[in-house]
There are 2 protein chains.
Amino acid sequence: MDISEVRARIVATADELYNAKGIQSVGMDELRTAAGVSLKKLYQEFPSKSSIVMAVLERRHQSWTEGLDARVRLAADPRARLLAIFDYLAGWFCDDSFRGCGFINSFAELGAISPEVAEYAREHKESFQHYVAHLVGDAGGPAYLAPQLSILAEGAQTTAAIAGTADAAGQAREAAVVLIDAALGKEAAAAP
Amino acid sequence: MDISEVRARIVATADELYNAKGIQSVGMDELRTAAGVSLKKLYQEFPSKSSIVMAVLERRHQSWTEGLDARVRLAADPRARLLAIFDYLAGWFCDDSFRGCGFINSFAELGAISPEVAEYAREHKESFQHYVAHLVGDAGGPAYLAPQLSILAEGAQTTAAIAGTADAAGQAREAAVVLIDAALGKEAAAAP
DNA sequence: TCAGAGTGAGAACGATCGTTCTCCATCTCG
DNA sequence: CGAGATGGAGAACGATCGTTCTCACTCTGA
């Protein structure tokens with residue numbers, strides 16, 4: 001039983017529970033039971049609940065970043081790579097465990113009372129915007145396109161979470177097509 | 001001291017506190033002190049904390065709906081009314097007390113454990129989408145434009161909340177201009 | 001074999017939560 | 001004036017939280 005294997009299982013279990021029920025609703029005892037470790041080992045690996053929360057956020061950031069980038073790399077050209085962002089969202093929204101962006105949720109729950117959480121959520125979103133800006137640059141698009149697409153992606157996440165459907169991904173993708181084609185200088189073909 | 005005046009003060013105080021610190025972080029005693037009422041009177045007006053939460057959500061829905069509609073009515077033509085949505089957001093984001101959409105936040109905090117809250121948040125967002133669809137219809141735009149603009153507005157709210165700046169309102173508005181003009185059949189003039 | 005370090009299960013602790021109850025001062029109305 | 005209703009301040013209650021402690025048990029190494 002590797003020592004970091006225990007850490008990983010704790011963080012993975014906390015990630016699932018926090019996503020499903022919210023952070024404040026999940027006590028250390030519930031996490032202990034679900035992860036199958038003793039309370040002593042739990043506090044041996046993490047000094048406090050808030051350190052577990054930060055570890056979960058780091059895990060989420062890595063998971064999101066890698067998943068998105070893997071999907072983007074499947075696309076053939078720069079324009080398709082921009083749209084791949086929304087294909088990634090579509091797949092995510094169909095996951096049964098999808099309950100909205102974990103950073104938006106943790107910011108809503110703890111941002112006001114935990115500067116650590118608020119700052120990490122801000123950095124995560126900033127990192128995403130930089131990633132989009134990088135893709136926009138590769139496509140030869142103007143700088144203003146990146147925040148527009150980022151806002152579309154954020155809105156799709158909250159809309160899908162609250163509505164409980166995956167429709168928002170496709171709707172945001174169609175909007176992205178219009179914004180991208182307009183920004184890249186092509187003329188948009190109006191529907192008849 | 002009117003009996004409903006006390007109710008209104010309790011709900012208004014709860015709204016401020018819940019917005020500033022999150023719902024679960026604000027105890028009944030803190031609310032009691034801030035509202036300047038006795039615990040007895042508080043429980044005389046509301047049977048439980050969750051009923052106060054629902055009253056706050058109703059207040060937020062009414063305030064949001066009225067504020068948005070008032071701003072929209074200032075606009076001269078149907079296209080300007082669609083853009084007025086984002087002007088309303090811009091003003092809201094500049095408010096010092098802005099900490100994101102209260103429905104997104106309450107859904108993130110309580111949606112998983114309170115079906116009442118989740119359902120009310122869903123209804124609020126649905127109501128907003130219907131409102132946008134009504135404005136789109138008046139402008140002669142296609143049905144698909146409404147969810148696109150709604151998603152933009154949602155994304156602007158979360159982006160502004162987490163980033164801590166009001167930039168997202170203007171960026172979303174520019175994107176809305178492109179989407180609206182494309183949907184209304186005008187040709188978008190590409191920047192040189 | 002046996003001292004000693006580490007483990008697991010869970011009791012215990014202090015704090016805080018939502019909610020109720022107690023006590024007493026104040027007002028009303030005849 | 002005086003009995004009864006009302007309301008305020010806050011103590012009290014049971015539950016639950018994050019965290020620590022107890023204690024019996026199991027390995028290890030010379």
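Naming convention: chains lettered A, B, ... in sequence-line order (proteins, then strands); numbering from 1 in each chain.
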Student: Return the polar atom pairs (N/O with N/O) between nucleotides 15-20 of chain C and the protein under 3.5 Å, or none.
Tutor:
unit_1 : atom_1 : unit_2 : atom_2 : d
C:dG18 : OP1    : B:K49  : NZ     : 2.4
C:dG18 : OP2    : B:M28  : N      : 2.8
C:dT19 : OP2    : B:Y43  : OH     : 2.9
C:dT19 : OP2    : B:K49  : N      : 2.8
C:dT19 : O5'    : B:Y43  : OH     : 3.4

Student: So, OP1 or OP2 of C:dT7: does either fall under 4.0 Å of a side-chain N or O from A:Q44?
Tutor: yes
Student: Rounded off to whole Å, could you give me the CD-to-C1' distance for the B:E30 and D:dA9 pair?
Tutor: 18 Å
Student: Tell me the ring pair (Phe, Tyr, Trp, His ring centres under 6.0 Å) pairs involving residues 23-59 of chain A, sequence neighbours left out?
Tutor: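 Checked against ring pair (Phe, Tyr, Trp, His ring centres under 6.0 Å) - neighbours excluded - no pair reaches residues 23-59 of chain A.
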Student: Send over the distance from B:R32 CZ to C:dC21 P, rounded to a whole Å.
Tutor: 18 Å
Student: For residues 146-163 of chain A, which residue pairs qualify under side chain to side chain donor-acceptor pair (under 3.5 Å), counting only residues two or more places apart or in two chains?
Tutor: A:K125-A:E154
Student: Taking ring-ring contact (aromatic ring centres under 6.0 Å, His included) as the test, write out the residues that go with A:Y120, two or more places apart.
Tutor: none
Student: Using the test ring-ring contact (aromatic ring centres under 6.0 Å, His included), find all partners of A:Y18 that sit at least two apart in sequence or belong to another chain.
Tutor: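 Result, ring-ring contact (aromatic ring centres under 6.0 Å, His included) vs A:Y18: none returned.
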Student: Suppose the criterion is side chain to side chain donor-acceptor pair (under 3.5 Å): which pairs have a residue in residues 101-116 of chain B, not counting sequence neighbours?
Tutor: none
